Amino acid sequence: MTAGSAKAPFLWHGGDYNPEQWSPEVWREDFRLMRKAGITAATVGVFSWVSLQPAEDRFTFEWLDHVIEGLHANGIKLILATPSAAQPAWMSQAYPEVLRSDENGIRRQHGQRVNYCPNSPDYRRFSANIARKLAERYGQHPALLLWHVSNEYGGTCTCDTCAARFRTWLQAKYGTLDALNAAWWTTFWSHTYTDWSQIMPPRQNAEFLTHGLTVDYFRFMNESQLDCYRNERDILRSITPDIPITTNLMGAYKPLDYRRWAQEMDVVSWDCYPNPNNTPSDIAFLHDLTRGLKDGQPFLLMEQTPSSQNWQEINALKRPGVLRLWSYLAVAHGADSVMYFQWRRGRGSCEKLHGAVIEHAGREDTRVFREVSALGAELQKLGDSVIGAAVEAKVGIVFDWDNWHALDSAIGPVRDKKYLETVRKHYRALYEKNIPVDIVFPDSDISRYQIVIAPMLYMLKPGFAQKIEAFVANGGVFVATFLTGLVDENDLAFENGYPGPLSRVLGIRVEEIDALYPDQSNVLVMADDSGSYTIRRLADLLHTEGAQVVATYGSDFYAGMPVLTRNTFGRGTAYYLASDPEPAFLDRLYGELLDQSGIHPVLHVPQGIEAAVRVKDDRSLLFLLNHTPNELKIDLGNEVRRDLLTGESVSGVIRLSGFSVGILEQHTSQ
Ligand code: GLA
Ligand code: ZN
């Protein structure tokens, strides 16, 4: 069960509520409308710092007392946020070093949000203090479900305070300056540091090309912001040991290594704002990534817009039914809540045109309010049948933030490495087959999987290759691609060639890497003449050292050289895919690997329907999601399942209307 669900054992329905922007009269209307919409949890306090502490020595909690009482009286649970994502102006004015510095090391002025230096002692002191006051005042409140620390940590600071802390962090990591110089390869361009004080954060008007520096600064900044979170978390935990703690993450957000964050959180939560070009597969990937952060533990969907975003170039409305569809998409992939940003649209400032459950007209006779209310009623009907249920996957796809940073800082062989895009492309091939996938990390236990795919794992951390060797030796199937195994954890190239320590299990040696212009392509030709496929972007020129050649390049001076190899290693096999193929090839490759491994789709469904499963005790919950606007038929076979949304028993051929959803329960012990 998700941490926190003991007090509220159902799928939470709610979202960000900013009563500090409104009068008590509006609050009363909010409570009435929340009840009507089936809202069960409200996130309060995000960005309310100046309303709670208008001056350094003055606190004004009374309004919050009333709001919390009002929510409680109306049966709405509380997710209480600490307000530390935006410091009040008085603080920036009196303690200017709380302000963040920009990419040139120049201190920013007060304003916007997340504009604090994560290493500022004053910021740490004030944020700890307000967290303590909130915990002391509301920690015992019966409505309190969860602490929501700050909001969307992120970005970076390059100020002198951070520079000094960075040096201390480096001293602890490397011990000596010689060791640091060696790890960062600083004899290049005469960059050798001769005194610790010469080390500066990467700044755009100074040094930012030393890869050891940039990857270490990313790690340091990640830890610095995590320290801010831990600073508040530890106080909350000491005062309210039974209240779980989270902070809202942002999916595949590059500046922070969420795998490390998740280890410090009781429950992972995230804010889902798809880009206009994201497909359901892309969104599902982010849910799976988030679920993977705590090794499969269900997560909270903390924010999504009920209708439109406002910060994209063009902000389309979610079509009728899509809010519900995407809410269940999240639930199908492991979410134990459905929540929104925001409850009520503010009248001013930069989010006044962001979608909300209650729009400026304040009415309940709107499409959005009706859709939210209908969903609220449905979630209540589902009760505790879904929460805590697991997703069981036999395929893992490796994702790594350090690798992402290292790849993007590498200059050559192409500028845009497209790491996230490539991982998502491999994911999509499995998603479209309705194969559950876990996103895993270099430190994950992979022994439970049958297939592990590691696209573009350019940086190999110590121990990873041994883990893969053991996995394959035990019968696992491993797939690696181009740009794998070039550098170690310090971003230093492996001395014995690519793919570094993975060479043995893959049975190959890469000699050169070709980069193709956007209008160029090559061909992957199956060695058994069973087909050929277009390949683009990058092409490793490799030699087998024990592996068999499955496919070769069809043209150019390396025609006939291997482009896909298979190595038998112990009881398993390891594949190396040396170029970026058209989707049809991944569809074929994974189709064959799944067949050989005996892994079957959740259900055979028409294209456009997604079938996903969560498992709880002896029951499996089949989610059928129609991502198309058209009615489609699905053959359930002879087995009888109970439709949790209608209560009816179903089997055989059923119809699912456009953008609609079915949740079918089946007892697995029968
Ligand atoms: C984020 C923030 C919210 C709000 C929304 C708008 O997720 O957490 O405060 O700004 O974006 O989409
Ligand atoms: Zn700083």
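In listed order, ligands and their atoms are each counted from 1. Values in this document were obtained by computation on a predicted structure and should not be read as measured data.
Separation of atoms CD (E232) and OG (S150) is listed at 5.5 Å; rounding is to 0.5 Å. Put simply, CG on L353 and CG on N315 are 9.0 Å apart, with the number rounded to the nearest 0.5 Å. How far CD1 of I199 is from OH of Y217: 12.0 Å, rounded to the nearest 0.5 Å. Between the CZ atom of R137 and the CD1 atom of I68 there is a distance of 9.0 Å, given to the nearest 0.5 Å.
Here N151 has side-chain heavy atoms under 4.0 Å from ligand 1, and that is the only part of it that gets that close. Looking at H354 against ligand 1, only its side chain comes within 4.0 Å, counting heavy atoms. Only side-chain heavy atoms of E351 come within less than 4.0 Å of ligand 1; its backbone N, CA, C and O stay farther off.
Using a 4.5 Å heavy-atom cutoff, the side chains of K352 and H360 are in contact. For the pair Y229/E264, a side-chain contact is recorded, criterion being any heavy-atom separation below 4.5 Å from C-beta on.
Rounding to 10°, one obtains 110° for the angle at the Zn ion (ligand 2) between SG (C162) and SG (C157). Put simply, the angle at the Zn ion (ligand 2) from SG in C159 to SG in C117 is close to 100°, to the nearest 10°.
Between F126 and the choices W49, Y116, W90, the ring pair (Phe, Tyr, Trp, His ring centres under 6.0 Å) rule is met once, by W90.
Where the criterion is an N or O separation shorter than 3.5 Å, residue side chain and backbone included, D16 fails it with respect to ligand 1.
Per-residue contacts place F47 under 4.0 angstrom from the following atoms of ligand 1 (heavy atoms of the residue considered): 9 (O). Close approach to W311 involves these atoms of ligand 1, each under 4.0 Å from a residue heavy atom: 6 (C), 12 (O). Close contacts between ligand 1 and D271 involve ligand atoms 7 (O), 8 (O) [criterion: under 4.0 Å to a heavy atom].
The residue from E303, E152, R113 that puts a heavy atom closest to atom 9 (O) of ligand 1 is R113.
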